[in-house]
Amino acid sequence: MSGEGVSPLEITLESIRATASSYNLIPGVKYAYGTAGFRCKAEILAPAAYRMGLLSALRAKSVKAAIGVMVTASHNPPEDNGLKVVEPQGEMLLPRWENYSTQLSNTDSASLVEALKDLSEEVDVSLTSARGKIIVGRDTRDSGPLIAAAVAAGAHNLQCKVEDIGVCTTPQLHWIVKQTNISKPNTLEDYYRTFSDSFIYLYGKSESKPSIKVDCANGVGAKSLRSLAPLLSDYIDIVICNDGSNGKLNENCGADFVKLMQNAPQGVNYSENEHCYTIDGDADRSLFFFFQDHKFNMLDGDKIATLFAGFLNTLIHEAELDLSLGVVQTAYANGSSTSYLHSKGIPVVCVPTGVKHLHKKAEDFDVGVYFEANGHGTVLFSDSAMEVINKRAVQETRKIQQSAVTRLVAFTKLINTAVGDAVTNILAIETILKLCNLSPQTWNNMYTDLPYRQLKINIRDRDIIKTRDAERKISSPEGMQEKIDVLVSDYSNARCFVRPSGTENCVRVHAECATQREADSLAMSVGSMVFDFTEALHSRL
């Protein structure tokens, strides 16, 4: 369409009609924006990716800021891919816009223009308003460039500027989006320099340079660590394992594998008491592990949360600061970790699974520590807390108080507060262990985890299971929770919950008991019951 009298809106809509025909919906495919955005086989993702380019551009226009889109399927197999939208301060997409994402992604090409017009009216944003900006990143999956190009096509249709930063970790994209919107240094090089400088300041040199090993799940974390390691080489050696050169993404390695199997990843040679880490495919979660007397010991997100909270609690008290500190957990948190934190006088709250829920609740505290048991988490410092901390750092003259507040200021710069970041959390863990003179054994012995077992149960439709009480109880189908309660009552010091996965068509079973044998047995019993229960429901439909 061209010529005099043609409005900018009509030009925009015609460009959408022309491009959309290259991204027609696939018959039988339904998209749903879940807790981690979209996740599916990469070969069917492009139509949703194009529509998310349109939606992200509209979101950028509505907030008059840069928005991020990360193309990744995290711990999923390499043949999968996904994408999620990042808000201006690095947060997850707002729930209302999650619903818009699902609706728009399932709109056929012929109806797309009208759907966009309706959506622009609902959110009160003109499709031809001032240009926004989309920052796109992707992990190392082969399908990434194609999906990123589909996102860019949608954004360009709405005259939105697209900055493709290429291969990066998910936390790096979150950080870059946040830094962009607060007009601070915002490149990948700035990321490496910012966190390496903070680590060096706090960590300092040791008599003998320590070494750590990091299982990178054959994913994008290896690229990040290769860039970071040389900047830290005078202080700590980082040995990169499972770097993608000889192995498949997330296959028998990575944080999800280690957490689920409760065993060390393949592809890493270990020494006794060596500091080892495992991260997931997009490097937003990390776990610590070590071997003692040839026995594997894993310290998960619960252990990391207690380490961070204990360290921060000590600094806050030593600095004599009037700040509230709290820990946010999910139902997956081991019961022993919750009891330990309570014994230290640290408040704990439980929220549904999903970073958006933890992040939001952590904002209720001056200093909010949130971690999922899978190793995904970070620390948030409120604006008022930062004002108090920085003011005290300038004014404090007493030696103990000054030392504490100085360390606290430095720690706020070592944490990626935009989102959980495997790489910066590894640096923070190493710093705390050194400053507090903690060995892996001492850290691990702060409390003893109740033995647990997690299972994935494949069922026909995960959506038939609804939960309540922060996902610790089943509200539907009727009668299932009562059956779980009966099974739990047969075991000592036990609890068990079932929840639908937010990323896969399955349900997840988590069981804790006094012994590992009982935890295994309870998980299997509940898993079998859930499968049989749901199959019986389907047979009646």
Pairing of Glu363 and Lys360 as salt bridge, 4.0 angstrom limit | no

Using the side chain to side chain contact (heavy atoms under 4.5 Å, CB included) rule, take Arg51 and Leu112 through it: C-alpha gap first, then chi angles, then the decisive distance, then the call.
-> CA-CA 9 Å; Arg51 287 155 176 79; Leu112 195 53; 4.1 Å; yes

Are any non-hydrogen side-chain atoms of Leu427 and Leu232 less than 4.5 angstrom apart?
-> yes

Assess whether atom NZ of Lys41 is packed by more than 12 heavy atoms of other residues, nucleotides or ligands within 6.0 Å.
-> yes

If we only count heavy atoms from C-beta on, is the Lys84 to Met92 side-chain gap below 4.5 Å?
-> yes

From Leu287 CG over to Ile304 CD1, what is the distance, rounded to the nearest 0.5 angstrom?
-> 6.0 Å

Does the side chain of Val136 come within less than 4.5 Å of Ile165's, by heavy atoms?
-> no

Do the side chain of Asn250 and the main chain of Ser74 share a donor and acceptor less than 3.5 angstrom apart?
-> yes

Is there a donor-acceptor pair under 3.5 Å between the side chain of Asn106 and the backbone N or O of Tyr31?
-> yes

Check step by step if side-chain hydrogen bond (donor to acceptor under 3.5 Å, both in side chains) holds for Thr169 and Asp282.
-> CA-CA 5 Å; Thr169 70; Asp282 64 338; over 6 Å; no

Between Thr330 and Glu372, a side-chain donor and acceptor under 3.5 Å | no

Report yes or no: do Ser324 and Asp366 form a side-chain donor-acceptor pair below 3.5 Å?
-> yes

Modelled atom types, side-chain donor and acceptor of Thr12 and Gln159, under 3.5 Å = yes

What one should report as the nearest heavy-atom pair of Pro185 and Trp175 is O-CH2, 3.5 Å

Does Thr107 use its side chain to pair, donor to acceptor, with the backbone of Gln103 at less than 3.5 Å?
-> yes

Taking atom types as modelled and ignoring hydrogens, do the side chains of Asn334 and Asp302 form a donor-acceptor contact shorter than 3.5 angstrom?
-> no

Mind checking whether Lys61 and Ser120 have side chains closer than 4.5 Å, heavy atoms only?
-> no

Heavy atoms from other residues, nucleotides or ligands near CG of Asp461 exceed 12 (cutoff 6.0 Å) = yes

State whether the number of non-hydrogen atoms from other residues, nucleotides or ligands found under 6.0 Å of Glu387 atom CD is greater than 12.
-> no

Answer yes or no: is there an ion pair linking Asp256 with Arg285, defined by an N-O contact shorter than 4.0 Å?
-> yes

For atom CZ of Arg468, is the number of surrounding heavy atoms from other residues, nucleotides or ligands below 6.0 Å larger than 12?
-> yes

Do NZ/NE/NH1/NH2 and the carboxylate oxygens of Arg472 and Asp469 come within less than 4.0 Å?
-> yes

Hey, is Glu98 close enough to Lys356 for a salt bridge, meaning N to O under 4.0 Å?
-> yes

Any chance you could lay out the salt bridge (Lys or Arg N to Asp or Glu O under 4.0 Å) test for Lys361 and Asp364, step after step, and finish with the verdict?
-> CA-CA 6 Å; Lys361 194 64 181 178; Asp364 290 348; 3.2 Å; yes

Under 6.0 Å between the ring centres of Tyr33 and Tyr100?
-> no

If you measure from the Lys or Arg side-chain nitrogens to the Asp or Glu carboxylate oxygens, is any gap between Arg460 and Glu535 under 4.0 Å?
-> yes

So does Arg59 pair up with Glu87, basic N to acidic O under 4.0 Å?
-> yes

Answer with yes or no whether the side chains of Thr19 and Asn157 bring together a donor and an acceptor at under 3.5 Å.
-> yes

Gap between atom OG of Ser476 and atom CD1 of Ile474 - 0.5 Å precision = 9.0 Å

Are side-chain heavy atoms of Phe411 and Leu312 found at a separation under 4.5 Å?
-> yes

Here the pair of heavy atoms bringing Ser143 nearest to Asn81 is OG-ND2, 2.7 Å

Quick one: closest heavy-atom pair of Lys248 and Cys253, and the distance?
-> O-SG, 4.3 Å

Test side chain to side chain contact (heavy atoms under 4.5 Å, CB included) applied to Ser105 and Phe38, step by step | CA-CA 10 Å; Ser105 66; Phe38 292 112; 3.6 Å; yes

Are Tyr370 and Gln329 side-chain neighbours, meaning at least one heavy-atom pair lies under 4.5 Å?
-> no

Which atom names give the shortest non-hydrogen contact between Arg141 and Pro78, and what distance separates them?
-> NH1-CA, 3.4 Å

Any side-chain heavy-atom pair from Leu323 and Val388 closer than 4.5 angstrom?
-> yes

Run the salt-bridge test on Arg226 and Asp243 with the 4.0 Å N-O cut-off and return the result as yes or no.
-> yes

Assess whether side-chain hydrogen bond (donor to acceptor under 3.5 Å, both in side chains) is satisfied between Gln172 and Tyr192, documenting all intermediate values.
-> CA-CA 10 Å; Gln172 286 175 333; Tyr192 296 124; 3.1 Å; yes

Check Asn24 against Ser109 and note the closest heavy-atom contact, atom names and distance.
-> OD1-OG, 2.7 Å

Any chance the side chains of Asp108 and Ser111 put a donor and an acceptor closer than 3.5 Å?
-> yes

Assess the pair His376 and Phe371: is the distance between their ring centroids shorter than 6.0 Å?
-> no

Going through the checks in order, is the side-chain hydrogen bond (donor to acceptor under 3.5 Å, both in side chains) test met by Tyr191 and Asp421?
-> CA-CA 12 Å; Tyr191 170 93; Asp421 187 331; 2.6 Å; yes

Salt bridge between Lys259 and Asp300, side-chain N to carboxylate O under 4.0 Å?
-> yes

Looking at CD1 of Ile426 and OG1 of Thr431, how far apart are the two atoms once the value is rounded to the nearest 0.5 Å?
-> 11.5 Å

Around Asp463, counting heavy atoms of other residues, nucleotides and ligands shown, do more than 12 lie under 6.0 Å from its CG?
-> yes

Interatomic distance, Glu471 atom CD to Lys473 atom NZ [nearest 0.5 angstrom] = 14.0 Å

Can you check whether Ile465 reaches Val530 side chain to side chain, under 4.5 Å on heavy atoms?
-> yes

Stepwise side chain to side chain contact (heavy atoms under 4.5 Å, CB included) test for Leu13 and Glu10 | CA-CA 5 Å; Leu13 297 182; Glu10 280 305 316; 4.0 Å; yes

Would you please indicate if the ring centroids of Phe195 and Phe199 are separated by under 6.0 Å?
-> no

Heavy-atom closest contact (Ile26 atom, Glu43 atom, distance) | CD1-O, 4.2 Å

